Every structure is written in C-alpha cells, then in structure tokens.
Amino acid sequence: MKPSLTAIKGTKDILPPETKLWQKAEWLCREVFEAYGYQEIRTPIIEPTELFVKGTGETTDIVTKEMYTFVDKGGRSITLRPEYTPSVVRAIIEHRLYLQASPLRFYYFGPMFRHDRPQKGRYRQFHQVDIEVFGETDPAIDAEIIEMADYLLDRLGVKNKKILVNSVGCSNCRPNYVTLLRAKAEEIKERLCKDCQRRLELNPLRLFDCKEPGCQAITQSLPKIIDYLCRDCLTHFENVRQWLDFYGLSYQIEPRLVRGLDYYTRTTFEIISLELGAQNALLGGGRYDHLMKIYGGPDICGLGFALGLERVLSVAQIKPDKEKLIYFVYLGEKAKKKSLQLCRELRRQGFTTLLEYKDRSLKAQLSRANKLAATWTIILGEDELNQGICQLKEMTSGQQKTVPFDQVGTILRTLEKDEKNK
RNA sequence: GUGAGUGUAGCUCAACGGUUAGAGCAUCGGACUGUGGAUCCGAAGGUUGGGGGUUCGAGUCCCCUCACUCACCCCA
C-alpha cells in the first residue's frame, strides 16, 4: 500500500546509490568550470516575485503559469526561482560586483521550480548547473562557452549530442523581422494548426518550434531571422561561427531555435541529446545584452547557459569512483571495543571504514562485507585479541594475513600504493 | 491546463470473473558453532493505490478519485 505521505507531484527523492552519480557529475562540472576560470556563486532559492516578472518576462509561460508563488508573513510576494539568471544579475547589482575587473564568470548548482505537468525529463523541482559571464562583448566568448559546454558533456560521457546555434537579433532588427514574419504568416494562417495560429498572435517566433510536420513544412518558407539581422548582429553571428570553426566544433544553424525567455539577444544555442524523447535539450543558453539594464543596473552585457542535471544524468555514461571500504568483523564484546578503537584510528588516517553493531555470526558479518563490496575486512576475535593482532583479509583474493594492531594503518597504506602501481 | 496508458510483496513481474493472490531478485536465518561470493532448505514480507457499484463470487468488469508514465503545451 502506498503511504499517505509521499513526495509532492513532480518532485523526487534522490537515493543512494544514485546520489553517488550526482556527486560525481557535480564534481566534474566544478572541475571544468574552475578550469575555465569560473567562480561559484550561491544565491537564495526564494526571491521577490517581481525579479522574474521583470527579467524572465511578463508574458512568458514560466511567469504566467509555472511559478510557485506565495505571500509570506510580511505580505511580500515570494517566488521559488524558476530559473537562475535573474538572481545572479540581482546579486551583481546589489553588491556592485560590476565595479570589479570584468568579465565576471560565475557558476552555480541548485534546484529550480516550475509548475509544469511532469513527464520524461521534466520535473517540478529539477536541478540546473548554470554559468554566467558578464561584461564580455567579444564574440569569441559566445563560442568559448559553447566549446566549454560541449567539453563538459564529453567529460560527463554524453554521446549522440548535437549543437544547435542561432541568432535572434537585437532590439534594432528583431522588431522589424517580427512584423514581417507576422505579416507573411497571416497570409498562410489557414493552413497552420490551431496552436500555431495562437502562437502567431502571442509570439510569432515560436511558430518555428511547432512539431506538426505540416506546420514545419509550411514554416520552412517563412522568412528566417538570420536573413534579416542588422549589420552588427550579422557580424557578431559570423564571428561566433568563425570561432566555433576555430575550435573544430560541428554544429547546426537552426533558424527555428528560439528561446522561451524574453531577455535573449543575438546568440542562442542548445545542445540536444538524440537519445531522449520530447524533452531533449540537455542545456540551453545564449546572450542577453540588456538584462542588467532592465534591472536598473549598468549596461553590461551577459551570456550563459543552464544545464538540466536530471536530463544529462539520464544519458550520461559516468560510473561512480570505487571507494575502498574496510569492514570490521568482530566476535565478542572485548573485540568490539578494540575494533572500534582501530576503526577510529583508521578513519583519522583517511580510510573509509565501517563497523556495524550487530551481534551476528562471523559468516553473516563476512557475507555483509561482501555485499558492501568491501576491499578489506579486519577480523578480530578472542584469539587475536590475546595476541595483539588482527586478521586482514583481502576480499577479492580471499587472502588473509596476520597484522599487529599498531601496523594496520601502515600496511593498508602500502597495499593501496601497490594497487595503484599495478 | 488537455489527451492516452499503467497501478498486485522493497524491486521486476504472474494469476480464464471461481479454493487461502504466486514466482524470481533483495532481506533474515539454517545446512557449515571462527571465515564471504556458489548451491540447497526455511522464514518474513500483501487492506491487489483508495472509495463506490455490478455479481452467488471482483486483483480481474463498470464508475469516481488519487498516483505514476508518456505525449500535447512549455522548457533545462
């Protein structure tokens, strides 16, 4: 029978041994980001609702129907963050971080909250890894973060991925294009699906997102934004492409790639998995040149991406590092005491050891050690105790040797070293 | 928010509308009293998601509800 108290819909417990994979993935991300000069930043999970209304966009789906918003005891409207970028921008402005030497490079891990209908690769509480760069206008940085993203996914053992790149223009060229697109689309409105007719009204750019084969064929003929970029945007995009070629990355220009957040300008990109279903974007991001200004900060450009950890982990081929466990097997109260003492010493020397308080047979204890995949067991009974020794058993070979108490640590260290040299 | 599919032991799954709902894996114990992995034996583990209905009889059929899954939508 299902217990009456369960995890909230769209959320889930991450249990061992799966947590090992999370740790490993997080550690790999950290290593890669630090190698590229990023520093960790941590901001609160709850933020003023207005932060997202202003930045993410008043008309976006995220803000209009997916936020976890509540009024706190002080009467303030609080929201569990649905994305991360606005928080970083807020923190930068609040602490005047833009006065430091630019560019600023930050990375971040944490849970995000969106009230979507859960499905494969989509949860209400999900985890993102996020990087942001502020104050760098050079198109080389656009390519650099894409290169870093690609490298990170390689390190995480993600195969069958594809880089999609586009430019969505800027406040100079996009409005003209949108007007043109809307006009052209109006002409063929009848042939579009119902959803697309609605998109046409709200956000014509999203027409290209439609999955109906019919619509995809029709929208092929519609004008594409990359053909209508202003000169600056076009130059920027061409530069980004040159740098991507410089890194030897294979990518696909995807004129259909538009982002769901209002603040994007120029470069947008996604890396998708070819092994996933409908929710196949492993990470997505782009440039947001005016976001800082929207919040009343200085006019400093920014860019970054967010990576969905659940999705990445579902295709990542990573294995947790094997830990060497030393399991204590003891017989009798006196042996237990001595074992605990040894156990404590070994832990202080950096070994991973385990002693369990079950008064079970030697056989059962060894069986347990086996189940836990212990590398060694230390066996201590009356006989050993009287002689001041213990049995050190190497579990894969089954070989066992007698070791005086005061030499256990040294001998284990040599054994470890020997194994490394193999 | 819309649609479809699925809910049986901790996990993976059986059981034509008909005895007391079974098996494998996992757990614990024993065979083997101080030596694990293999094998055999045993134990424990269930309000068949919940509620209502049809029926002599419901895990099975019907309705409601909840949860999960997938898709739409949206996005990481």
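It should be emphasised that the depicted structure is a prediction, and the values quoted were computed from it without experimental measurement. Labels below follow one simple rule: chain letters A, B, ... track the order of the sequence lines, proteins then strands, and each chain is numbered from 1.
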Notebook entry, point to check: Of all the choices, rA76(B), rG34(B), rG3(B), which nucleotide is nearest to the side chain of Arg117(A) once you look at every atom?
Noted result: rG3(B)
Checklist line | Distance in angstrom units between Glu275(A) CD and rA76(B) P, rounded | finding: 21 Å
Next item on the list: Give the nucleotide from the list rG36(B), rA76(B), rU27(B) with an atom nearest to the side chain of Lys371(A).
Entry: rU27(B)
Item checked: Check: Leu21(A) and Ile318(A) side chains under 4.5 Å, non-hydrogen atoms -> yes
Margin query: Output the rounded distance in Å from OH (Tyr107(A)) to C1' (rA76(B)).
Written below: 20 Å
Next item on the list: Can you tell me the distance, in whole Å, between the CZ atom of Phe328(A) and the P atom of rG36(B)?
Entry: 20 Å
Notebook entry, point to check: Looking at rC74(B), rG36(B), rA71(B), which one has an atom nearest to any side-chain atom of Lys363(A)?
Noted result: rG36(B)
Margin query: Within the 4.0 Å heavy-atom criterion, would you say Glu384(A) contacts the bases, only the backbone, or no part of the nucleic acid?
Written below: base
Check: So does Asp154(A) pair up with Lys161(A), basic N to acidic O under 4.0 Å?
Finding: yes
Notebook entry, point to check: Which nucleotide sits closest to the side chain of Arg114(A): rC68(B), rA76(B), rC72(B)?
Noted result: rA76(B)
Margin query: Base, sugar-phosphate or nothing for Tyr327(A)? Non-hydrogen atoms, less than 4.0 Å.
Written below: nothing
Next item on the list: Quick one: label Leu362(A) by what it contacts on the DNA or RNA (base, sugar-phosphate, nothing), any heavy atom closer than 4.0 Å.
Entry: base
Next item on the list: Please confirm whether Lys338(A) makes a cation-pi placement over Tyr330(A), using NZ or CZ under 6.0 Å from the six-membered ring centre and within 45° of the ring normal.
Entry: no
Check: rG36(B) pairs with which nucleotide, Watson-Crick or G-U wobble, both distances below 3.5 Å?
Finding: none
Next item on the list: Assign Lys9(A) to base, sugar-phosphate, or nothing according to its heavy-atom contacts below 4.0 angstrom with the strands shown.
Entry: sugar-phosphate
Notebook entry, point to check: At under 4.0 Å between heavy atoms, what does Gly121(A) touch on the DNA or RNA strands: base, sugar-phosphate, or nothing?
Noted result: base
Check: With sugar-phosphate meaning primed atoms plus P, OP1 and OP2, does Glu310(A) contact a base, only sugar-phosphate, or nothing at under 4.0 Å between heavy atoms?
Finding: nothing
Notebook entry, point to check: Roughly how far apart, to the nearest Å, are rG17(B) and rG36(B) at atom P?
Noted result: 49 Å
Next item on the list: With the side chain of Arg311(A) defined as its heavy atoms from C-beta on, choose the nearest nucleotide among rC32(B), rC74(B), rC75(B).
Entry: rC75(B)
Checklist line | C1' spacing across the pair rA76(B) / rU2(B), given as an integer number of angstrom | finding: 23 Å
Check: For the side chain of Ser361(A), counting heavy atoms from C-beta on, which of rG34(B), rC74(B), rA71(B) is nearest?
Finding: rG34(B)
Check: Considering only side-chain heavy atoms of Gln400(A), which listed nucleotide, rC72(B), rC74(B), rU35(B), is closest?
Finding: rU35(B)
Next item on the list: Please tell me which of the listed nucleotides, rA71(B), rA76(B), rC75(B), lies nearest to the side chain of Ala306(A)?
Entry: rA76(B)
Notebook entry, point to check: Which value, in whole Å, describes the distance between the P atoms of nucleotides rG5(B) and rG37(B)?
Noted result: 48 Å
Item checked: G-U wobble or Watson-Crick pairing nucleotide for rU54(B) (cut-off 3.5 Å, both distances) -> none
Margin query: If you assign Leu380(A) and Lys358(A) each to the RNA chain B nucleotide with the nearest heavy atom, which residue ends up on the more 5' nucleotide?
Written below: Lys358(A)
Margin query: Using a 4.0 Å heavy-atom cut-off, does Met112(A) contact any base of the nucleic acid, only the sugar-phosphate backbone, or nothing at all?
Written below: nothing
Notebook entry, point to check: Can you tell which of rC73(B), rG36(B), rG34(B) lies closest to the side chain of Leu366(A)?
Noted result: rG36(B)
Notebook entry, point to check: What is the base-pairing partner of rU69(B), counting Watson-Crick and G-U wobble geometry with both distances under 3.5 Å?
Noted result: rA4(B)
Check: Would you say a side-chain N or O of Gln119(A) is under 4.0 Å from OP1 or OP2 of rC70(B)?
Finding: no
Note to self: One thing to verify: whether Glu132(A) and Arg105(A) come together as a salt bridge, which I'm taking to mean a side-chain N less than 4.0 angstrom from a carboxylate O.
What the structure shows: no
Next item on the list: Report yes if the distance between the aromatic ring centroids of Tyr107(A) and Tyr38(A) is under 6.0 Å, otherwise no.
Entry: no
Checklist line | Watson-Crick or G-U wobble mate for rA14(B), both contacts under 3.5 Å | finding: none
Notebook entry, point to check: Between Tyr357(A) and Lys336(A), is there a cation-pi geometry (under 6.0 Å to ring centre, at most 45° from the normal)?
Noted result: no
Check: When you compare rG59(B) with rG50(B), how far apart are their P atoms, in angstrom units rounded to a whole number?
Finding: 11 Å
Checklist line | Nearest-angstrom distance from the residue atom CD of Gln365(A) to C1' of rG29(B) | finding: 15 Å
Notebook entry, point to check: Taking the C1' atom of each, how far is rC13(B) from rU65(B), in whole Å?
Noted result: 26 Å
Notebook entry, point to check: If you check the Ile379(A) side chain, which of rC72(B), rA76(B), rG34(B) turns out closest?
Noted result: rG34(B)
Note to self: Which nucleotide, if any, forms a Watson-Crick or G-U wobble pair with rA43(B), using both distances under 3.5 Å?
What the structure shows: rU27(B)
Note to self: Strictly by Watson-Crick or wobble contacts shorter than 3.5 Å, is anything paired with rU60(B), and which nucleotide is it?
What the structure shows: none
Note to self: With rounding to the closest Å, how many angstrom separate the C1' atoms on rG22(B) and rU33(B)?
What the structure shows: 36 Å
Next item on the list: Give one of base, sugar-phosphate or nothing for Asp383(A), where a contact means two heavy atoms less than 4.0 Å apart.
Entry: base
Checklist line | Length of the line joining Ile62(A):CD1 and rC75(B):C1', which is rounded to integer Å | finding: 7 Å
Next item on the list: Provide the distance between the two P atoms, one in rU69(B) and one in rC11(B), to the nearest whole Å.
Entry: 14 Å
Notebook entry, point to check: Rounded to whole angstroms, how far apart are OH on Tyr330(A) and C1' on rG34(B)?
Noted result: 15 Å
Item checked: Member of Ile45(A), Thr56(A), Leu51(A), Ile46(A) meeting the side chain to side chain contact (heavy atoms under 4.5 Å, CB included) criterion with Arg81(A) -> Ile45(A)
Note to self: Using the rule given for side-chain hydrogen bond (donor to acceptor under 3.5 Å, both in side chains), can you reason through Tyr36(A) versus Glu147(A), listing the C-alpha separation, both sets of side-chain angles and the distance that settles it, and then say yes or no?
What the structure shows: CA-CA 11 Å; Tyr36(A) 279 73; Glu147(A) 188 274 331; 2.7 Å; yes
Note to self: Using atom C1' in both nucleotides, what's the gap between rG51(B) and rG7(B) to the nearest angstrom?
What the structure shows: 15 Å
Check: Leu276(A) or Leu307(A): which one's nearest nucleotide on RNA chain B is closer to the 5' end?
Finding: Leu276(A)
